[in-house]
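Only a predicted model underlies this, so the values are computations on that prediction, with no experimental measurement involved. Residue numbers begin at 1 in each chain, while the letters A, B, ... track the order of the sequences.
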Number of protein chains: 2
Amino acid sequence: MYTNLINHIRRYIELDDDTIDILNKYIKPVNLKKKDFLLKEGQVCRSIYFVEKGCLRMFFVNDKMSEQITQFALENWWISDFFSFIDNKPSGYFIQTVEKSEILSIDTSSFEMMLKELPQMERYFRIVMQRALAASQLRAKYMYELTKEEFYTHFCGSFPEFVQRVPQYMIASYLGLTPEYVSELRKKKL
Amino acid sequence: MYTNLINHIRRYIELDDDTIDILNKYIKPVNLKKKDFLLKEGQVCRSIYFVEKGCLRMFFVNDKMSEQITQFALENWWISDFFSFIDNKPSGYFIQTVEKSEILSIDTSSFEMMLKELPQMERYFRIVMQRALAASQLRAKYMYELTKEEFYTHFCGSFPEFVQRVPQYMIASYLGLTPEYVSELRKKKL
DNA sequence: CGCGGGTTTGATGATGCTCAAGCCCGGTGG
DNA sequence: CCACCGGGCTTGAGCATCATCAAACCCGCG
């Protein structure tokens, strides 16, 4: 059973066992190994994904043909290309596992039906989205006020365990830096 | 009556006249002139704001003592410092009118009570937040893939009327550019 | 053992910032 | 009605930060 998801929902709303059974009808578990894809550029992003265990990254390929990571998702995070998900537009992103992961997915129509059958879940998702928005406001603030060096240092200070968990070039990409520059910064610090 | 807000809600959920009356209990209209403040740094952001008419900007003051704009809100947009709003933390932001504006505000406790009395509004706000998240994902993508020059050009191309509406130095700040550099870019184009 | 992905190194250079000065123009007070 | 004031925009010189490119290196895995 999806203990992480259940606990996450219970942080924000009441959830009895019958409701959990109903929820289960709409949720599709996906077990993936390292580097499997949930979404590729050009496809419509038809689901939102919850990370029960593992780690996802979302990236696009820029004009220099290099991968530009815009988001990570760790345990207890939802991730999706909302622009594509909402309007059924083809996505410009890839979503891929960084490591072996257990993902729960809800596709567009299940999402709608689930919300119809369990309207209390509207509240849960309202809160989830609101918190995601707060997080993205915060991140934007850091990008505005910090230099790239400060941004890197701040990030390593804030998420030391995460920095261990994923390769350095991914951190670099996520922060909008080149791997070479990150390497230079590391040398300076140690 | 707040026709913009009503119409905006009706884009996403059904809304009968009785419900509107109930809604009214929770909404506080605020009329502001140019450069009035809704929030100042250090205060807790106790409300979310809807722009019926006019324009708001959200900014913080960086270490060089200059104002860094992170968001604008035009007609039919909600704005708030969600980080502060959710957790009752003091905000690092200012929210200020750019021009004479009619704002609707809902404070924390009204928001909770309103959602309790009108649970269908959870759906409305879930959708609003979801779309705001999509918008912020899109903006982040542009910041990653475009140079500052391209970012400026793209922005002017996407929102020509808006660029007319607010002073140039605010556009510069929002895009993370210096006014001097924007000036240089304009010269190049014309 | 060899291959290949990831990291490091160093030289070179562009993008976009800083600072200082001048200009333009609209508003305000005399 | 005019003069002044000041906020915003422009100009240009100099420079810092960070990207680019090419090469070498390191090391875990097949």
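Per the geometry, NZ belonging to B:K187 stands 16 Å off P belonging to C:dG16, to the nearest Å. Between A:L177 atom CG and C:dT8 atom P the separation is 13 Å, expressed in whole Å. Across the protein-nucleic acid pair, B:E184 atom CD and D:dT10 atom P stand 11 Å apart, rounded to whole Å. Rounded to whole Å, atom P of D:dG8 lies 14 Å from atom CD1 of B:I171. The distance from atom CD of B:E150 to atom P of C:dA14 is 17 Å, rounded to the nearest whole Å. Distance A:K188 NZ to C:dT9 C1': 15 Å, rounded to the nearest Å. Atom pair B:L146:CG and C:dG16:C1' shows a separation of 15 Å (rounding to whole Å applied). D:dC18 atom C1' lies 15 Å from atom CZ of A:F151, rounded to whole Å.
Listed nucleotides C:dC17, D:dT11, C:dT18 differ in distance to B:Y181; the shortest reach to its side chain belongs to C:dC17. Comparing D:dC9, C:dT7, C:dG10 by their closest approach to the side chain of A:Y169 singles out C:dT7. In this structure, of C:dT8, C:dC17, D:dC9, it is C:dT8 that holds the atom nearest to the side chain of A:Q168. Minimum atom distance to the side chain of B:K148 is reached by C:dG16, of the listed C:dT7, D:dT20, C:dG16.
Note on A:K35: every side-chain N or O is 4.0 Å or more away from OP1 and OP2 of C:dG5. In this structure, B:R186 does not reach the D:dC9 phosphate: none of its side-chain N or O atoms is under 4.0 Å from OP1 or OP2. Contact annotation: A:K64 side-chain N/O to D:dT20 OP1/OP2 distance is under 4.0 Å.
No side-chain N or O of A:E150 forms a donor-acceptor pair with one of A:Y142 less than 3.5 Å apart. A donor atom on one side chain and an acceptor atom on the other are found under 3.5 Å apart for B:E117 and B:Y26.
Residue-to-nucleotide proximity on DNA chain D shows that, of B:S183 and A:G176, the 5′-proximal contact is made by B:S183. Nearest-nucleotide positions on DNA chain D for A:E180 and A:T147 put A:T147 closer to the 5' end.
In this structure, A:F72 has its ring center closer than 6.0 angstrom to the ring center of A:F162. Aromatic ring centres of A:F155 and A:F151 lie farther apart than the 6.0 Å criterion allows.
Cation-pi geometry between B:K141 and A:Y93 is met: the NZ or CZ atom falls under 6.0 Å from the ring centre, inside 45° of the normal.
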